[in-house]
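Single-structure report; data block below.
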Number of protein chains: 2
Amino acid sequence: MSDQISGARPTLEAVAERAGVSRATASRVVNGGTGVREALVEKVRKAVEELGYVPNQAARSLVTRRTGAVAVVVAEPESRVFADPFFAQQLLGISRELAVHDSQLVLLLVEGTADYDRVGRYLSGGHVDGALVFSLHAEDPLPGITRRIGLPTVFGGRPGWPAAEGDRSVLYVDSDNRGGAREAVRHLVSLGRERIATVTGPLDQTASVDRLDGYHDILMDADPRLVVEGDFSEAGGARAMAQLLDRAPDVDAVFVASDLMACGALRVLRERGRRVPEDVAIVGFDDMASVAELADPPLTTVRQEIEEMGRLMVRLLVRGLERRSEEDSGGRPLSSLVTPTRLVRRASA
Amino acid sequence: MSDQISGARPTLEAVAERAGVSRATASRVVNGGTGVREALVEKVRKAVEELGYVPNQAARSLVTRRTGAVAVVVAEPESRVFADPFFAQQLLGISRELAVHDSQLVLLLVEGTADYDRVGRYLSGGHVDGALVFSLHAEDPLPGITRRIGLPTVFGGRPGWPAAEGDRSVLYVDSDNRGGAREAVRHLVSLGRERIATVTGPLDQTASVDRLDGYHDILMDADPRLVVEGDFSEAGGARAMAQLLDRAPDVDAVFVASDLMACGALRVLRERGRRVPEDVAIVGFDDMASVAELADPPLTTVRQEIEEMGRLMVRLLVRGLERRSEEDSGGRPLSSLVTPTRLVRRASA
DNA sequence: ATACGGGCAGAGAGCGCTCTCAGAAACTGC
DNA sequence: GCAGTTTCTGAGAGCGCTCTCTGCCCGTAT
């Protein structure tokens, strides 16, 4: 019987009546139950149970101004959600951490200009308490939107748009791309390699730039022919590697800015008869399980805690929300997070 | 000025006042504007514009009982969202189609038992108008949950739990796995191959079973040694292929139930010195752009319209919602959809 | 001119919940 | 035993919106 009530869902009113208390008391119990006599708490709990009561979120958020939902905004999903197991894992982290905070994940994929409109309207509509934004490029209007409407926002990766530089109020979670790159290159140097090249990601993304900076930190005046721009795809890595071999046949090590690209590079090296790591040592970046370990040879790579980054984004956002609602704003202001990376040695270097 | 109102968002009341009309009229205009004189429509539009009014969804859905959101429930995301570009693409289709219908996508990833609880509560809470469910296995409680609470639901792929068989009220969108497999095998036969094997997906998934059935449709009494179970992963495909070569060294063609597995198979064949397609012809399944075309040799495969399937799920759900709200239920009942597949010939067979 | 019908606009009653505020009940101290 | 506290409970006012219902105004027919 009671598990088939498909029609009218019970209201708080009904629960209160059944428990013989007022709506206010029932509400108190449902929301934590502090300050209510134990006997009544029990009664209400029982009524909730029997009726199969579930609070109506719409009514609740109408008055609390909280929705219990967080938007995850992804620009250019085609190139991202997709090709990128990276993002999938981050999403997993986000989802898990949101579950901990009893919040829902509203996924907004943004493709065209019209979508920006739609998403902008949605975010302004008070449908969500905050937003986690993954936007790749500098000209993205998203950051401006969330800022204008005052929606708490955390970015995935250091945002690259000009005004953000040095603006401490812009919150993001990133991994230590530069440090990781440094460690990778240092490792290659320690191996005695002398012509160390790098295949970068698209240089309009901060992650790519930071990794390249890390490379230059160690190899301050590297031969510019040893730097080739890739696009984070397997094919792009292959293309870049081919180009590199043509430009600098004497290359003996490559720091490739992603595992996927490293795979492409590995393939080209194999095709051209270069042995890895004997002739050319390779270090990747990401440590994506499905790629790095299975590569031939298994990739030495820089590990980032991808899922952890997703979780941290949520925690940062939630902390911001708490502050805001407490009108507290005490303590020192929230600041962006940079998660450590670490070199994982396998066979390729 | 007006684009920085971070505090109080304007209400319909405010719009009405500014336009010099009643709240009711303002509401009419905002929701389509039929039955309102053009002059007033203009005035209200202007007021909306000037105030930057955005309707409060909570208030609206409190009275309409519609949320404008659809849940996408994914069981076992780790093995799915992840490894599976397949799912990503379907999600893209879903997102795009939902945008068309002005609905939001609430992503629910389900992992442990506790999650089922949480998700069940959420779905019962009236937070969403319907659900799109991807659940892999027979024992999944999800279908039961949505059914019990009477939430309109469409499944991704034919559900495999026992009670669903033959139940026309269970709606799903699937591709023609069996037909596609048949076509693949028929093609291999037409090539004159005589020892045609198959690497299946996990046989607790209907898609895998259906593809295997398609294989048997053509090869009614195939040697059981020619059937090996894989797991839809690259590594699994490699493993299965190796096993196959051991069991039946004379195999001259393989229908592999996914492109990813086909890649693994290709790799093993290469390692063992078998030429593709000369010695062993391979046909994959999925036609995933990032895999099939880039494989060496490029894969002949069965194409499914993955994104389209996502879109169809949404359309089916939306149609169900419309019917339900119109109390119409006229016309013939909605029925599940099976999208066609087609063989794409490349070099591997 | 009066009666009647149709198209439009406004008043107002909720939707289900939270939260303040005030009053009841139980406790303390003198 | 009574005033002064403290703890708990209930009444009731909204949150912002939709939607029905009533009434106005206009055009047309009588």
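This one's a predicted model, so the numbers in the text were calculated from it and none came from an experiment. A note on names: the letters A, B, ... follow the listed sequences, proteins ahead of strands, and every chain is numbered from 1.
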If the threshold is 4.0 Å, N to carboxylate O, is there a salt bridge linking B/Arg45 and B/Glu49?
no

D/dG10, C/dG10, D/dT18: which one has an atom nearest the side-chain heavy atoms of A/Thr25?
D/dG10

Ranking A/Thr11 and B/Val36 by the position along DNA chain C of their nearest nucleotide, the one closer to 5' is B/Val36

In terms of side-chain heavy atoms of A/Arg23, which of D/dA11, C/dT18, D/dT9 is nearest?
C/dT18

I need the CZ-P distance between A/Arg60 and C/dC17, as an integer number of Å.
8 Å

Has the side chain of A/Arg9 got a donor or acceptor that lies under 3.5 Å from a partner of the other kind on the base of C/dG16?
no

Closer than 4.0 Å, any side-chain N/O of A/Asn56 to the OP1 or OP2 of C/dC15?
no

Out of D/dT9, C/dG10, D/dC15, minimum distance to the side chain of A/Val63 belongs to D/dC15

From C-beta outward on B/Ala59, which listed nucleotide comes closest to its side chain: C/dC17, D/dT20, D/dG16?
D/dG16

Starting at CG of B/Leu12 and ending at C1' of C/dG10, how long is that distance when rounded to a whole Å?
14 Å

Length of the line joining B/Glu42:CD and C/dA9:P, which is rounded to integer Å:
14 Å

Measure the distance from CG on A/Leu40 to P on D/dT7 and round it to the nearest whole Å.
17 Å

Starting at CZ of A/Arg66 and ending at P of C/dG16, how long is that distance when rounded to a whole Å?
24 Å

Using whole Å, report how far CD of B/Glu13 lies from C1' of C/dA11.
12 Å

Output yes when a side-chain donor or acceptor of B/Thr67 lies under 3.5 Å from a complementary backbone atom of B/His127, and no otherwise.
yes

State whether B/Ser22 places a side-chain N or O below 4.0 Å from either non-bridging phosphate oxygen (OP1 or OP2) of C/dA9.
no

Could you state the atom-to-atom distance from CZ of B/Arg28 to P of C/dA9 in whole Å?
7 Å

Are A/Arg23 and A/Thr11 linked by a side-chain donor-acceptor pair shorter than 3.5 Å?
no

Check the phosphate of C/dC17 against A/Ser27, side-chain N and O only, distance under 4.0 Å to OP1 or OP2. Yes or no?
no

Basic-acidic side-chain contact under 4.0 Å: B/Glu42, B/Lys46:
no

For the backbone of B/Val54 and the side chain of B/Arg9, can you confirm whether one donor and one acceptor N or O come within less than 3.5 Å of each other?
yes

Return the value, rounded to whole Å, for the distance between atom CG of B/Leu62 and atom P of C/dT18.
12 Å

Any donor-acceptor pair under 3.5 Å between the side chain of A/Arg37 and the base of D/dT9?
no

Phosphate contact (C/dG16 OP1 or OP2) by B/Arg65 side-chain N/O below 4.0 Å
yes

